[in-house]
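These notes are about the structure you will find just below.
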Number of protein chains: 2
Amino acid sequence: MAEQQADEIQTPADRFARAREAQSMAILEDYVEMVGDLIEELGEARVADIAARMGVAQPTATKAIARLKREGLATSRPYRGVFLTEEGAALADKVRARHRTVVELLVAVGVPEEVAELDAEGIEHHVSEQSLQAFERFLKAR
Amino acid sequence: MAEQQADEIQTPADRFARAREAQSMAILEDYVEMVGDLIEELGEARVADIAARMGVAQPTATKAIARLKREGLATSRPYRGVFLTEEGAALADKVRARHRTVVELLVAVGVPEEVAELDAEGIEHHVSEQSLQAFERFLKAR
DNA sequence: CAAATGAAATAGCCTTGGCTATATTTTCCA
DNA sequence: TGGAAAATATAGCCAAGGCTATTTCATTTG
């Protein structure tokens, strides 16, 4: 149990496939996090608010929510607010924590706060569990 | 000239819009870099090789190349190889350099080499010029 | 309590980036 | 040199994530 790295070689194709995979999760993660934020702040997540905060038109948000429901991350009834399932809430927490860590890491290596916040929005979805742990160790060890 | 940060506040919507923007450049960047790599390694970039390395079907690569041509980054004639325009070559260089820097930064904060290579593939497209410069300063100052 | 207002859903369109199956063109060799 | 094999292009499909315009439903409120 000394070596934890699998010894499979990673072809470029593998790496790109992995990045594409991460990308398909990214929007899901963003919406779940946003729903979580709104419930916490306002007590409920309305489609109109989700759309406004995500910077998209209302039907785009409705469609995204449909996908969240399909994936078992959220529930909602027509003309009612959106709620997270247990799984959705867990994902929202994970995403929020990861976002914070990524911002902190960027700031720690010298990226200005505002820029860190901007870049983190895209970066976070591609940070693996292993990298995240490295980030945390680095931040603690500073 | 003391403050260099614009004082516009960044709403979440702004940040998401920016991340979406970066995403639409990402695939373009990947293909341009791949074409550059193949030309360097093999003297030419054939559609079949591009597809294999990107891990996509051949028609997918053909379509991506069509987009590169539309955007003025590459040229090609039917049943012939793909070439980069001056602009395309410049972009390829920039992307390659940025990729290296991101991997080095990840390794510098404690991410294992192989993981760094994997994660960098997705992260790099969201690293702004400002963050990149911060990364370089950090690496030099170590 | 009925009508106006406002929110959410639906219809229908676009682009991108995947795919498979099928032409078409080049290339290479017997 | 002609025909098989290999490479590329084309056709046509799908899902995702945008959009606008319109309909439907819920909630006031006069």
Side-chain angles (χ1 to χ4, degrees), chain A residues 12-35 38-39 42-83 121-122 125, chain B residues 12-35 38 42-71 73-83 121-122 125:
Chain A
D14 292 333
R15 295 202 307 275
F16 289 117
R18 197 159 167 285
R20 284 193 294 268
E21 172 85 9
Q23 194 50 41
S24 94
M25 275 297 299
I27 288 200
L28 227 48
E29 293 177 346
D30 285 337
Y31 276 95
V32 162
E33 186 183 3
M34 185 59 74
V35 172
L38 286 169
I39 289 175
L42 310 179
E44 64 175 353
R46 309 303 305 250
V47 171
D49 294 333
I50 296 168
R53 291 249 188 132
M54 294 297 298
V56 299
Q58 168 258 308
T60 301
T62 299
K63 214 195 268 187
I65 291 159
R67 193 176 160 213
L68 292 191
K69 289 164 72 173
R70 236 185 306 137
E71 308 262 354
L73 297 169
T75 59
S76 81
R77 299 198 329 282
Y79 296 96
R80 287 274 128 67
V82 181
F83 307 91
E121 200 59 67
H125 304 289
Chain B
D14 291 335
R15 295 202 307 274
F16 289 118
R18 196 159 169 286
R20 284 193 294 267
E21 172 85 10
Q23 195 48 42
S24 92
M25 275 298 300
I27 287 200
L28 226 49
E29 292 177 347
D30 285 338
Y31 276 94
V32 162
E33 185 183 4
M34 186 57 76
V35 171
L38 286 169
L42 310 178
E44 62 174 354
R46 309 303 306 249
V47 171
D49 294 333
I50 296 168
R53 292 251 188 131
M54 294 298 298
V56 298
Q58 167 259 307
T60 301
T62 299
K63 214 194 267 187
I65 291 159
R67 192 176 161 210
L68 292 190
K69 289 164 72 173
R70 237 186 305 137
E71 308 261 354
L73 297 169
T75 59
S76 81
R77 300 198 329 282
Y79 295 96
R80 288 272 128 66
V82 181
F83 307 91
E121 200 58 69
H125 304 289

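Chain A is the first sequence line, chain B the second, and so forth, proteins listed ahead of strands; every chain is numbered from 1. Quick caveat: nothing in here was measured; it's all calculated off a predicted structure. No hydrogens, no waters, no symmetry mates; every other heavy atom, side chains included, goes into these values.
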Using a heavy-atom cut-off of under 4.0 Å over every strand shown, decide if A/Ala57 touches base, sugar-phosphate, or nothing.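 If one applies the 4.0 Å heavy-atom cut-off, A/Ala57 turns out to touch a base.
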Base, sugar-phosphate or nothing for A/Phe16? Non-hydrogen atoms, less than 4.0 Å.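 It contacts nothing in the nucleic acid.
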Using only modelled atom types and a 3.5 angstrom limit, is any donor from either the side chain of B/Gln58 or the base of D/dA7 paired with an acceptor on the other?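 Result: no qualifying N/O pair found.
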Polar side-chain contact B/Tyr79-C/dT25 base: donor and acceptor under 3.5 Å: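 Side chain to base: no pair below 3.5 Å.
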Nearest of D/dA9, D/dC13, C/dA9 to any side-chain atom of B/Pro78?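 My answer, after comparing the listed nucleotides, is D/dA9.
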d([atom1], [X]; [atom2], [N]) in whole Å:
| X | N | atom1 | atom2 | value |
| --- | --- | --- | --- | --- |
| A/Arg77 | D/dA26 | CZ | P | 10 Å |
| A/Ile50 | D/dG17 | CD1 | P | 15 Å |
| B/Arg80 | D/dA7 | CZ | C1' | 11 Å |
| A/Met54 | D/dG18 | CE | C1' | 12 Å |
| B/Glu21 | C/dT16 | CD | C1' | 14 Å |
| B/Met25 | C/dT15 | CE | P | 20 Å |
| B/Asp49 | D/dA6 | CG | C1' | 13 Å |
| A/Leu42 | C/dA7 | CG | C1' | 16 Å |

Determine whether [X] and [Y] make a side-chain contact, defined as any pair of heavy atoms from C-beta on separated by less than 4.5 Å.
| X | Y | answer |
| --- | --- | --- |
| B/Val82 | B/Tyr31 | no |
| B/Arg18 | A/Glu121 | no |
| A/Met34 | B/Phe16 | yes |

If you look at every heavy atom in A/Phe83 and A/Ile39, which pair is closest and at what distance?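 Shortest heavy-atom separation between A/Phe83 and A/Ile39 comes out as CA-CD1, 4.2 Å.
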B/Pro59 or A/Leu28, whichever maps to the more 5' nucleotide of DNA chain D: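 First, find each residue's nearest nucleotide; the 5'-ward one identifies B/Pro59.
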Is there a side-chain polar atom (N or O) of [X] under 4.0 Å from OP1 or OP2 of [N]?
| X | N | answer |
| --- | --- | --- |
| A/Arg70 | D/dA16 | yes |
| A/Arg20 | C/dG17 | no |
| B/Thr62 | D/dT8 | no |
| B/Arg46 | D/dA7 | no |

Return whichever of B/Gly55 or A/Ala48 has its heavy-atom-nearest nucleotide of DNA chain C closer to the 5' end.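 The residue mapped nearer the 5' terminus is A/Ala48.
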When the nearest nucleotide of DNA chain C is assigned to A/Ala45 and to B/Thr60 on a heavy-atom basis, which residue is associated with the more 5' position?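 First, find each residue's nearest nucleotide; the 5'-ward one identifies A/Ala45.
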Has A/Glu44 got more than 12 heavy atoms of other residues, nucleotides or ligands less than 6.0 Å from its CD?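 Atom CD in A/Glu44 is packed in, count exceeds 12.
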